[in-house]
Chemist: 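Dropping a structure here in structure tokens format, bear with me for questions.
Just so we're on the same page: letters track the sequence lines, and every chain starts at 1.
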There are 2 protein chains.
Amino acid sequence: MTDRDVDVLSRAPLFEALDEQGAKALRANVTEVRLARGQTLFNEGEVGDRLYVVLEGKIKLTRTAPDGRENLLSVLGPSEMFGELSLFDPRPRTASAIAVTECRLAGLGHDDLRPWLTGHPEVAVQLLRALAQRLRKTNDVMADLVFTDVPGRVAKALLDLAERFGQPGDSGLHVHHDLTQEELAQLVGASRETVNKALADFAQRNWLRIEARAVVILDIERLRKRSK
Amino acid sequence: MTDRDVDVLSRAPLFEALDEQGAKALRANVTEVRLARGQTLFNEGEVGDRLYVVLEGKIKLTRTAPDGRENLLSVLGPSEMFGELSLFDPRPRTASAIAVTECRLAGLGHDDLRPWLTGHPEVAVQLLRALAQRLRKTNDVMADLVFTDVPGRVAKALLDLAERFGQPGDSGLHVHHDLTQEELAQLVGASRETVNKALADFAQRNWLRIEARAVVILDIERLRKRSK
DNA sequence: TGCACAGTGTGACGTACGTCCCACCGCATA
DNA sequence: TATGCGGTGGGACGTACGTCACACTGTGCA
């Protein structure tokens, strides 16, 4: 594990509460996983009691409806944690994890983590905080599904992706989200076609430029206004 | 606090991990709150670091969109916990809590709970489990918003309410949810009119009978099938 | 007794968005 | 060069559901 990895890991909620020494000890239990683009880490319905932190790349969490339609819960990048629900609440996984780009993950099993939860209460408290934040965010997304139209949700999703993956460039804010429009549609709960039209409309207004699996945001203020 | 209250309280996730002695000690920190129907416990945007467990009655958690439209996150009954997000993640409340019926609550403040989290790791673990379950459930509801039509969501909501508040009777399963159709509509993310029509349709098919702030489920299997 | 008001029942109408369709483009494999 | 194939762009059409409108009922309060 490189210094860079250590740095990425230390920003994850799990490690945030630990001092250098504690973090080092916990890192000793971590196993690294590598995935190619499109590869599946785990599938909905499987049992599993490992949580993961993204070291490098992006991974998506998806759910499949009985009729086969898919729903994208989130796209996660470096320092973000997932898979912990099955660890805290021992049930089969309710989502599949699939690599959106080539990526590397740090995995931690239930048995490795348990002693830390009981022995270091500040770790448990930190995790409670992380879950509480997630619950808040999920409630926000749910409200958007009810109150905001598709273009608005697309704008919101782009802004969220921009915040997490955006890189300022001379021609605008580059957001290399690595998602197809189909995936973007699953993320906002709409059809691919409608999302495409929303994007085209934004591009025509010069709020952004569309690139392959990326957008360049040109007028973030307008986009922000449209997302409300 | 009556024996009955103690019993209700002991079923809450907070107390589940404690033995009789521990539970008794934690109960000593609890303060009781009484609310009349329609009364507000706390409002979105306020600061607060108390969590509550319902002892008796029902309470709803609602969010208000900027334009004033409302969204019902959930309706909680005895033994159910709420308000803990602001306790674990110190931010203003993101929902308001309003009594749906006259009700009594047990409240517990951050300072009273904190020593238990750090001193009794099994309490923290139990809470992590509770939050993980909630996150799962919320994700389910979100998927329904995307994939299921309004009648389907109404059916789902009724089945959920039935599970938690239903009482078998000779003429069917009585579900006294105490919600107006307007509130039911906010709960499933639809307009009052559409929900009314869905209910009328179910009633006409003899799947249920509509009563004031209640339904009597006559054919739970059909209803279950419709909810999928 | 009557009035006000909250909640319910139901029809008419518009529209946002899903579905279906096909054309186009770039890229890989034969 | 041809032949797919995954992804994008965009038009035509249908429909589920929101909005508006109004009538009806029961319950509380003067």
Chemist: Tell me which residues in residues 143-150 of chain A put a heavy atom below 4.0 Å from DNA chain C, sorted by number, or none.
Modeler: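 Hits under 4.0 Å, by residue number: A/D149, A/V150.
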Chemist: Which parts of residues 196-210 of chain B get close to DNA chain C, meaning a heavy atom less than 4.0 angstrom away?
Modeler: B/N196, B/K197, B/A200
Chemist: Any idea how B/F42 and B/F82 line up, ring-wise: parallel (<30°), tilted (30 to 60°), or perpendicular (>60°)?
Modeler: tilted
Chemist: Using a strict 4.0 Å threshold on nitrogen-to-oxygen distance, state whether A/K156 and A/D160 make a salt bridge.
Modeler: no
Chemist: If the threshold is 4.0 Å, N to carboxylate O, is there a salt bridge linking B/R93 and B/E46?
Modeler: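 No, this pair does not count.
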Chemist: Looking only at heavy atoms, what is the nearest atom pair of A/L51 and A/L87, with distance?
Modeler: N-CD1, 3.9 Å
Chemist: Separation of B/E211 atom CD from C/dG7 atom C1', in whole Å?
Modeler: 16 Å
Chemist: Send over the distance from A/D67 CG to C/dG18 P, rounded to a whole Å.
Modeler: 14 Å
Chemist: Do the side-chain N and O atoms of B/S86 and A/R136 include a donor-acceptor pair separated by under 3.5 angstrom?
Modeler: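 Indeed, the side chains of B/S86 and A/R136 share at least one donor-acceptor pair under 3.5 Å.
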Chemist: State whether the number of non-hydrogen atoms from other residues, nucleotides or ligands found under 6.0 Å of A/R69 atom CZ is greater than 12.
Modeler: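 Yes - once you tally the heavy atoms of other residues, nucleotides and ligands closer than 6.0 Å, there are more than 12.
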Chemist: Crowded around B/D3 CG? As in, over 12 foreign heavy atoms under 6.0 Å?
Modeler: no
Chemist: Quick one: which of B/R50, B/R134, B/H110 gives a side chain to side chain contact (heavy atoms under 4.5 Å, CB included) with B/E84?
Modeler: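 In the set B/R50, B/R134, B/H110, the residue that makes a side chain to side chain contact (heavy atoms under 4.5 Å, CB included) with B/E84 is B/R134.
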Chemist: Thinking salt bridges, do A/D149 and A/R226 make one under a 4.0 Å N-O criterion?
Modeler: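 Answer for the salt bridge query: yes.
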Chemist: Please give, in whole Å, the distance from D/dC5 P to A/E182 CD?
Modeler: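 These atoms are roughly 18 Å apart.
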Chemist: In residues 187-195 of chain A, which ones come under 4.0 Å of DNA chain D, going by heavy atoms?
Modeler: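 A/R192, A/E193, in order of number.
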Chemist: Between B/R11 and B/D7, is there a salt bridge with N-O shorter than 4.0 Å?
Modeler: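 B/R11 and B/D7: salt-bridged.
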Chemist: Expressed as a whole number of angstroms, how long is the span from B/L179:CG to C/dG7:C1'?
Modeler: 13 Å
Chemist: Answer yes or no: does a side-chain N or O of B/Q181 lie under 4.0 Å from OP1 or OP2 of C/dA6?
Modeler: no
Chemist: Is B/E183 close to B/H177 at the side-chain level, that is, under 4.5 Å between some pair of heavy atoms?
Modeler: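 A side-chain contact under 4.5 Å is absent here.
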